[in-house]
Amino acid sequence: MNQPHRVLPLALGLLLVAGLAGSLLQPYEVYLISLWAVYTISALGLNLTLGFAGQISLAQASFVGFGAYATALLLPHGVPFGVTLVIGAAISFILGILLGFPALRVQGHYLAFVTLALATIAFLVFRNESWLTHGTSGIDKIARPFPFTSGVAYMWLCLGSLALVTLGVWWLLRSPWGRAFLALRENPVRAASLGIDVRTYTLLAFAIGAALGGVSGALFAPLGQYIEPSEFALPLSFSLLLMVVVGGSGTFMGPFLGAIVSVALPEVLRSLQDYYLLIYGIIVILLLVFSPDGVVGIIARAVARLRPAAAPVEPTP
Amino acid sequence: MATDPNAPVLVMEGVVGGYGRMTILNGLSFSVARATITTIIGPNGAGKSTAFKAIFGLLNLSAGRIILEGKDVRGFSPAALIGEGVCYVPQGRNIFPELSVQDNLELGGVALGTTKAMRPRVEEALDRFPILRQKARAQASTLSGGQQKLLEIARGLIAHPKLMLIDEPSIGLSPLMVKDVFATLQKLRDQGVSILMVEQNARSALEISDNGIVLETGRTRLVGTAQSILNDPRIAKLFLGAEVDLETPASP
């Protein structure tokens, strides 16, 4: 599950199955599949920053917000959707670089607090700068780009975008950049001794992760056709963090599976009403206690048990 | 510019530097001949490992020149030095234990910039070290100490270095593994890699070396062929653990 080249067909197959299933389902399920694709794009970005490069960020929701607001504000001015998506990603990329600078000086909990500060500032801007963002009343009637106006067509747009992002992340992880991110996570000093520019790669880890947040936001705005500031506040950042960790941080498939859990579990537990969050919390705690490497870890162990020959090489004395 | 095959690959000229206000290297000068193993020996604190840090751009130098293949590389960053053909295998364990053997090797090729450039080099390293190919998918921490050192050497070779700096490769290894690592270094020398080694295990190291350098208080005390240093009775007594005559009574 850690080897991107082995699981790429699995990821793309999952998208195809989701799309085909969605084409036969009711509008609400189609919406959920689209939402899953959108969240997965954002979680793939956070997984690059956190899972592969080892830099914690609680600001991913803000980048989703920048992407969403860029699209919602520019579309009515006749800017094509493709362009608003690129602008949203670019804004997030640049702000991601800025967020990366503190990571050159602080790590761990301290870095989490710095990113928390950015998330708070971004939320205040979305909420208070109503001349630009329309404040708490939000922006409605966000048009879907032609010809993806129907629910099913827009779902295919979300899944297609996710497929492109998946291919991009797959390429990145196989490239020397992906190796450099791993080295950064494991031991920055050793990484530097191999000639890896720790500064550049730390900033890129944030910037690329943030840009994917922006892409996800650009797709999010026309999905519900309405956005308002609280959608991009801390709960979404925590939710994206949970998707990465529950799925399996630092694994290629983790964000796909984590996002399924995050989108599907609330629906499954909906009948429990007020107890839903309690049960959800317990499930997550149990998962992390018994499988710290997330859902991917559970599946990898099950596969290894079914195929003993594929077990890892025994340690040498 | 065609390089003179007889010219030394590295020349240190009057290098002065240290940590903060403490000067460790006091005008260090020596050279490393092409496709040879040169071993630096000396007592603790002589500046052996510091000399490596100076060459690899990890130390602030206040004077001197470091000439690599005719080019002054003093002040170059480690990344730039890798580009110039220097690789550094530091003392102790420097693998990424949680990553696979293959991942560790690929990390040696990050500076090459593209997957296309990196992949054949990794294959080449796996061909050169069959034990690493056998364990390519295993977590690097599951390798034995000697295998981990070979992995570090293999990783250094990915960049096709002209000069390999290797600091205390025998530390923590069993005598058999030390032999293995030294044999690997000899093979690399025969293939044209120039090797500069620091080693506490001075006698064994000099036995496989072409040249030797004796450092003392950050200065070069003696340079010569490894054989001449091994045969020098003063050096033997000071650094190579020559036998002390126990029959002679100690002076009162």
Side-chain angles (χ1 to χ4, degrees), chain A residues 1-6 8 51-54 167-202 204-205 248-252 292-293 297 300 303-304 307 309-317, chain B residues 53 56-58 76-84 86-90 92-119 122 131 134-148 152 155-156 158-159 161 165:
Chain A
M1 286 273 166
N2 268 320
Q3 303 292 335
H5 56 281
R6 284 157 79 187
L8 178 70
F52 286 97
L167 285 169
V169 170
W170 171 77
W171 173 84
L172 185 77
L173 290 177
R174 279 166 49 92
S175 75
W177 289 29
R179 308 285 107 198
F181 284 160
L182 279 185
L184 201 64
R185 178 188 75 189
E186 295 292 315
N187 192 322
V189 178
R190 282 181 198 170
S193 85
L194 293 175
I196 293 168
D197 186 341
V198 171
R199 184 187 167 87
T200 305
Y201 282 102
T202 304
L204 277 176
S249 176
T251 65
F252 187 69
D293 42 4
V303 171
R307 288 191 310 181
V313 178
E314 286 296 310
T316 43
Chain B
K53 288 183 183 151
F56 203 61
L58 297 169
F76 277 37
S77 69
L81 285 160
I82 288 174
E84 294 290 332
V86 182
C87 94
Y88 175 39
V89 182
R93 298 286 147 82
N94 294 288
I95 56 160
F96 293 84
E98 302 289 321
L99 303 182
S100 73
V101 169
Q102 174 109 14
D103 283 338
N104 268 275
L105 286 173
E106 289 179 0
L107 279 170
V110 169
L112 297 172
T114 65
T115 315
K116 219 174 143 190
M118 180 174 79
R119 283 289 146 88
V122 171
I131 183 69
Q134 210 182 317
K135 301 194 168 183
R137 295 231 170 271
Q139 206 172 313
S141 62
T142 65
L143 298 183
S144 71
Q147 290 165 353
Q148 291 186 16
E152 282 180 47
R155 187 177 63 191
I158 300 274
L165 309 171

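Only this structure's heavy atoms are used, side chains among them; waters, hydrogens and symmetry mates stay out.
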Chemist: Going by side chain to side chain contact (heavy atoms under 4.5 Å, CB included), name the residues that satisfy it together with A:Arg190, two or more places apart in sequence or in a different chain.
Modeler: A:Asn187, B:Asn94, B:Phe96, B:Pro97

Chemist: Roughly how far apart are A:Leu182 CG and B:Glu106 CD, rounded to 0.5 Å?
Modeler: 9.5 Å

Chemist: At a 4.5 Å cut-off on heavy atoms, which part of A:Ile196 comes close to chain B: side chain, backbone, both, or neither?
Modeler: side chain

Chemist: Does the side chain of B:Thr115 reach to within under 4.5 Å of the side chain of A:Pro176, using non-hydrogen atoms?
Modeler: yes

Chemist: Relative to chain B, which of A:Ser175, A:Ala183, A:Ala191, A:Gly178 shows the most heavy atom pairs under 4.5 Å?
Modeler: A:Ala183

Chemist: Would you check, one step at a time, whether the test side-chain contact (heavy atoms from CB on, under 4.5 Å) holds for B:Leu99 with A:Arg185?
Modeler: CA-CA 11 Å; B:Leu99 303 182; A:Arg185 178 188 75 189; 4.0 Å; yes

Chemist: Look at atom CZ of B:Arg119 and say whether more than 12 heavy atoms of other residues, nucleotides or ligands are closer to it than 6.0 Å.
Modeler: yes

Chemist: Let me know if A:Phe181 has heavy atoms under 4.5 Å from chain B in its side chain, its backbone, both or neither.
Modeler: neither

Chemist: Heavy atoms only: give me the nearest B:Pro78-A:Ala192 pair and the separation to one decimal.
Modeler: CB-O, 4.2 Å

Chemist: Side chain, backbone, both or neither: which part of B:Ile82 has a non-hydrogen atom closer than 4.5 Å to chain A?
Modeler: side chain

Chemist: How many angstroms lie between atom CG of B:Asn104 and atom CD of A:Glu186, to the nearest 0.5 angstrom?
Modeler: 9.0 Å

Chemist: Which heavy atom of B:Met118 sits nearest a heavy atom of A:Arg174, and at what distance?
Modeler: CE-O, 4.1 Å

Chemist: Of the backbone (N, CA, C, O) and the side chain (C-beta and beyond), which part of B:Ser141 lies under 4.5 Å from a heavy atom of chain A, both, or neither?
Modeler: neither

Chemist: Tell me, for B:Ile158 versus chain A, whether the close heavy atoms (under 4.5 Å) come from the side chain, the backbone, both or neither.
Modeler: neither

